[in-house]
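The sequence lines fix the lettering, A, B, ..., with proteins before strands; numbering per chain opens at 1.
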Amino acid sequence: MSQKVRVRFAPSPTGPLHIGGVRTALFNYLFAKKHGGDFLLRIEDTDQTRYVEGAETYIIEALNWLNIPFDEGPGKEKDCGPYRQSERKNLYKQYADALIESGNAYYAFDTAEELDAHRKDHEAKGKTFIYNWHNRLKLKNSLVFSAEETQRKIDNGEEYVIRFKSPENETLQLNDIIRGEMQVETSILDDKVLFKSDGMPTYHLANIVDDHLMKITHVIRGEEWLPSLALHVLLYRAFGWEAPKFAHLPLILKPTGNGKLSKRDGDKMGFPVFPLQWKTADGEEFSGYREDGYLPEAVVNMLAFLGWNPGTEQEIFNLEELVEAFELERVHKAGAKFDPEKTKWFQHQYLQKVDDEILAKDFEDYLGEKNVSTALNLTKIVTLLKERATFVSDLWEQGSFFFEAPDSYDAKAADKAFKTETPELLQKVVSIINATEDFSAENLSEKVKGWITAENIGFGKVMMPLRLALVGEMKGPDVFDILSILGKDESISRIEKAMHFIDQK
RNA sequence: GCUCUAUUAGCAUAGUGGCUAGUGCAUCUGACUUUCUAUCAGAAGACAAGGGUUCGAUUCCCUUAUAGAGUACCA
């Protein structure tokens, strides 16, 4: 295999790119980059009835956000364009004709209604209607009509499709990089439509022609295509082309394990299924990882582990490391259940890696949106809070008290922490704080703890009410860090406020 | 129904024809002179079932069960 590796991601623009599609794109990207190859984007819009405005833009934006851009595709035209199948429309007919010429395909004039009736009829008898060798001579097609009659029908403008003539009795040997060898009896294959009556090819024809013309060496796609593999291999053979290598990726299943992850599952179960937010034409909204505050690196890492693993215990991989470690052979065969909790874990890991200064800037923007302004050192606050934050919004969740003094106290905690002797103790804390010039957390800690130990008071009696006074709840980072950041005046003011509160109880 | 595919703890998975089947998430316990949804330490928990092959199978084969995909003039 000396030729350059070329892979493609070929979504159809019927809506936002689902997480499973993104994973397929990612694996294609990783494989291409690992082998120094090209990653192409091809838009499969042969079904014009399902075209959705904005879907293509969405796909491109999503790939860019995740940092897995394509090398060739719409807007990045190279030698194999155009990259939208609708723009390649006039190309396909000749290939369908060639197949008819070589006896591998035929014209069929059965209407959709007729076929439907056949299917219903069979179903009623508990059988399945398959359009193939066993009945094609009883149906309306160029195999039963004379050449003249067929031509006359076409000239008369009768609608027709072109069907592939599947071999009758052959055992096909199929190979898949992930799944290995498989056998399929061609006798159970049906004569798939290759060319539709609307003048467009079906996926099956278009994808073989395009993959060939675009010099695709490896087809990496979802498992839902596995049943079509035999047809595709047969098609390559009929054309006399060398087939690319195939790899079928395992499905992504719902967290509950039943069925593949669908677009509505996410919002139903409280996690995004799409990389970017999406609004449908009729106003329905789907959340996206970007808008929910995820870092693209975290999403990529999470996606990479959906059906693949490096075989080591390392779990955190940046893009370069993924490219380095990725191997199709290590992709799993079984479906991968999607775990939103693990996704959060990845996000948490990546948030920890973000530089505090940068995070502080993001946090500042977030505060701005909430109309909170502050003179406090945000970098310091971020350093303290970050460990327990998964998203930037958690910084607010964890640390809003830095910016807003508590005006009430968590009832349960107050019950436990605020006792009759508390004001007296807090008064002492105030005087210690007041007398402290070096307002570092270490120094404050030393002073206050020194006093507690010396007087043999018990830490709980002081630390709990102190925290409650400063925070309003039993949460947040180390109490002395909070004091240090809040500063002397604010700290004392909060403590005195709490003393008042207790007195009035 | 038919075709194809899969099945290691609650979940994602690693791994092996033969010592205590590894890791992460979740769970539980302890510690951090006592906030915790954080951190640290520890614990419990699995090879779907039944047949073979074999000295020996979670690992190979068959059957069953379960799950999934496909079965369109959709991709």
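- Aromatic ring pairs are classed by plane angle as parallel below 30°, tilted from 30° to 60° and perpendicular above 60°; the pair W225(A) and Y203(A) is parallel.
- Counting heavy atoms from C-beta on, the side chains of N141(A) and R136(A) come closer than 4.5 Å.
- Across all strands, R330(A) comes closer than 4.0 Å only to sugar-phosphate atoms, never to a base (heavy-atom distances).
- Residue K333(A) is classed as a sugar-phosphate contact, given heavy-atom separations below 4.0 Å to backbone atoms only.
- When each of C36(B), C11(B), U5(B) is scored by its nearest atom to the side-chain atoms of R388(A), the top-ranked nucleotide is C36(B).
- For the residue pair D265(A) and S262(A), a side-chain donor N or O sits within less than 3.5 Å of a side-chain acceptor on the partner.
- Between N309(A) and U13(B) there is no side-chain polar atom (N or O) within less than 4.0 angstrom of OP1 or OP2.
- Between the side chains of D210(A) and Q85(A), at least one donor N or O sits under 3.5 Å from an acceptor N or O.
- At the heavy-atom level, K449(A) lies under 4.0 Å from the strands shown only through sugar-phosphate atoms.
- With the nearest nucleotide of RNA chain B identified for both R163(A) and A336(A), A336(A) has the one nearer the 5' end.
- Atom C1' of G17(B) sits at a distance of 14 Å from the matching atom of C61(B), rounded to the whole Å.
- When each of U35(B), A6(B), G24(B) is scored by its nearest atom to the side-chain atoms of E315(A), the top-ranked nucleotide is G24(B).
- At C74(B), one or more side-chain N or O atoms of K196(A) fall inside 4.0 Å of OP1 or OP2 (strictly under the cut-off).
- Nearest-nucleotide mapping onto RNA chain B: of E473(A) and G335(A), the residue sitting toward the 5' end is G335(A).
- Of the nucleotides present, A65(B) is the one that pairs with U7(B) by Watson-Crick or G-U wobble criteria, both distances under 3.5 Å.
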Test log, rule ring pair (Phe, Tyr, Trp, His ring centres under 6.0 Å), inputs F70(A) and F39(A)
CA-CA 5 Å; F70(A) 50 92; F39(A) 173 49; 7.2 Å; no

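- OP1 or OP2 of A75(B) lies within a sub-4.0 Å distance of a side-chain N or O belonging to T46(A).
- Considering only the side chain of W345(A), G24(B) comes nearest among C73(B), G24(B), G22(B).
- A sub-4.0 Å separation between OP1 or OP2 of C73(B) and a side-chain N or O of R119(A) is present.
- Spacing of C1' atoms, A6(B) relative to U13(B), comes out at 15 Å, to the nearest Å.
- Nucleotide U27(B): paired with A43(B) (Watson-Crick or G-U wobble, both distances less than 3.5 Å).
- Under the Watson-Crick and G-U wobble criteria, each requiring two contacts below 3.5 Å, nucleotide G70(B) is paired to C2(B).
- The separation of A14(B) from U23(B), taken at their P atoms, amounts to 15 Å, rounded to a whole angstrom.
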